[in-house]
Amino acid sequence: MEFTEIGEKLGGLTTEQVFELAKFGKDILSHVGIFGLSNGLLGLVKNAMNADNFNLIENQSAIETLIYIASVANGLNEKCWGERKTPFGLIGVGTDNFLFGLKNETNIKAI
């Protein structure tokens with residue numbers, strides 16, 4: 001796929017915008033991984049909602065945002081499994097591969 005096609009598929013982004021977006025996403029996923037991002041956010045939401053003085057109405061927008069981000073991370077993880085690729089193989093970020101001891105493996109292999 002040509003870079004101009006990527007920009008078009010992302011709603012008409014320029015090359016620079018696609019680069020910045022990719023760099024942003026890669027930085028986040030390189031730091032925490034797909035699995036860590038999803039579980040961390042959902043754990044944060046659960047802990048916040050279980051707090052004694054938590055006000056759901058005041059925090060509803062933030063909670064919805066965190067759940068949405070976790071949902072997108074889960075979708076990326078499902079795409080990995082659906083395409084039989086590790087996160088390193090699908091998006092080039094090896095954090096989850098390292099976490100699960102897959103090193104530089106790019107394909108998910110059924111035993």
Side-chain angles (χ1 to χ4, degrees):
M1 181 181 305
E2 294 294 320
F3 219 76
T4 54
E5 290 178 84
I6 295 169
E8 289 173 11
K9 289 187 177 212
L10 291 172
L13 298 179
T14 67
T15 302
E16 291 80 17
Q17 290 169 325
V18 171
F19 173 75
E20 289 300 325
L21 183 60
K23 189 169 73 169
F24 172 77
K26 187 173 182 183
D27 183 44
I28 292 170
L29 293 177
S30 292
H31 183 71
V32 296
I34 299 167
F35 183 76
L37 179 62
S38 174
N39 283 335
L41 291 173
L42 291 175
L44 177 63
V45 168
K46 180 183 171 189
N47 290 339
M49 293 181 74
N50 286 332
D52 291 335
N53 59 350
F54 182 77
N55 186 321
L56 181 60
I57 302 301
E58 287 180 10
N59 295 289
Q60 183 173 350
S61 179
I63 296 296
E64 288 172 351
T65 299
L66 295 174
I67 290 174
Y68 176 77
I69 295 168
S71 175
V72 170
N74 283 340
L76 185 57
N77 192 36
E78 288 173 12
K79 184 173 182 175
C80 286
W81 281 98
E83 294 187 19
R84 308 298 295 164
K85 295 179 180 176
T86 68
F88 183 70
L90 184 68
I91 59 173
V93 176
T95 306
D96 294 283
N97 280 31
F98 178 76
L99 176 68
F100 295 112
L102 300 171
K103 299 185 181 160
N104 291 329
E105 185 63 48
T106 58
N107 295 310
I108 296 171
K109 298 176 182 135
I111 297 175

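This structure is a prediction, so every number in the text was calculated from the model and none was measured. Count residues from 1 along the sequence.
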Take Asn77 and Asp96 through the test side-chain contact (heavy atoms from CB on, under 4.5 Å) and record every step on the way to the result.
CA-CA 10 Å; Asn77 192 36; Asp96 294 283; over 6 Å; no
For Ile34 and Cys80, work out which heavy atoms get closest and say how close.
CD1-SG, 4.3 Å
In the single-linkage hydrophobic clustering (I, L, V, M, F, W, Y; side-chain heavy atoms under 4.5 Å), do Val45 and Phe54 co-cluster?
yes
Yes or no on side-chain contact (heavy atoms from CB on, under 4.5 Å) for Ile108 and Arg84, after CA distance, side-chain angles and deciding distance?
CA-CA 5 Å; Ile108 296 171; Arg84 308 298 295 164; 3.8 Å; yes
CD1-CD distance between Ile6 and Glu8, expressed to the nearest 0.5 angstrom
10.5 Å
Check whether any side-chain heavy atom of Leu76 sits under 4.5 Å from a side-chain heavy atom of Leu29, and report yes or no.
yes
Flag yes if Leu99 and Ile91 sit in one hydrophobic cluster, no otherwise; membership is Ile, Leu, Val, Met, Phe, Trp, Tyr, and two members link when side-chain heavy atoms are under 4.5 Å apart.
no
How long is the gap from CG on Leu41 to OG1 on Thr65, to the nearest 0.5 Å?
10.5 Å
Heavy atoms from other residues, nucleotides or ligands near CD of Glu2 exceed 12 (cutoff 6.0 Å)
no
N/O donor-acceptor pair under 3.5 Å between Ser71 side chain and Ile67 backbone
no
Using modelled atom types and a 3.5 Å cut-off, is there a donor and acceptor pairing between side-chain atoms of Asn97 and backbone atoms of Glu105?
yes
Start with the C-alpha distance between Leu56 and Met49, add both sets of side-chain angles, then the distance that settles side-chain contact (heavy atoms from CB on, under 4.5 Å), and finish with yes or no.
CA-CA 7 Å; Leu56 181 60; Met49 293 181 74; 4.0 Å; yes
Which atoms form the tightest heavy-atom contact between Asn59 and Asn55, and what is the distance?
ND2-O, 2.8 Å
Could you state whether Leu90 and Val18 fall into the same hydrophobic cluster, counting links through intermediate Ile, Leu, Val, Met, Phe, Trp or Tyr residues with side-chain heavy atoms under 4.5 angstrom apart?
no
Quick check: are there more than 12 heavy atoms from other residues, nucleotides or ligands sitting under 6.0 Å from CZ of Phe100?
yes
State yes or no: do Leu102 and Phe98 share one hydrophobic cluster built from I, L, V, M, F, W and Y residues joined by side-chain heavy-atom distances below 4.5 Å, directly or via other members?
no
Rounded to the nearest 0.5 Å, how far apart are CD of Glu20 and OG1 of Thr14?
9.5 Å
Spatial distance of atom CH2 (Trp81) from atom OG1 (Thr86) [nearest 0.5 Å]:
10.0 Å
Output yes when a side-chain donor or acceptor of Ser30 lies under 3.5 Å from a complementary backbone atom of Val93, and no otherwise.
no
How close do Ser38 and Ala70 get, counting heavy atoms only, and between which atoms?
OG-O, 3.7 Å
Between Asp27 and Lys23, is there a donor-acceptor pair closer than 3.5 Å when you use the side chain of the first and the backbone of the second?
no
Same cluster or not: are Leu37 and Ile63 linked, directly or through other Ile, Leu, Val, Met, Phe, Trp or Tyr residues, by side-chain heavy atoms under 4.5 angstrom apart?
yes
Rounded to the nearest 0.5 Å, how far does CG of Leu66 lie from OG of Ser61?
9.5 Å
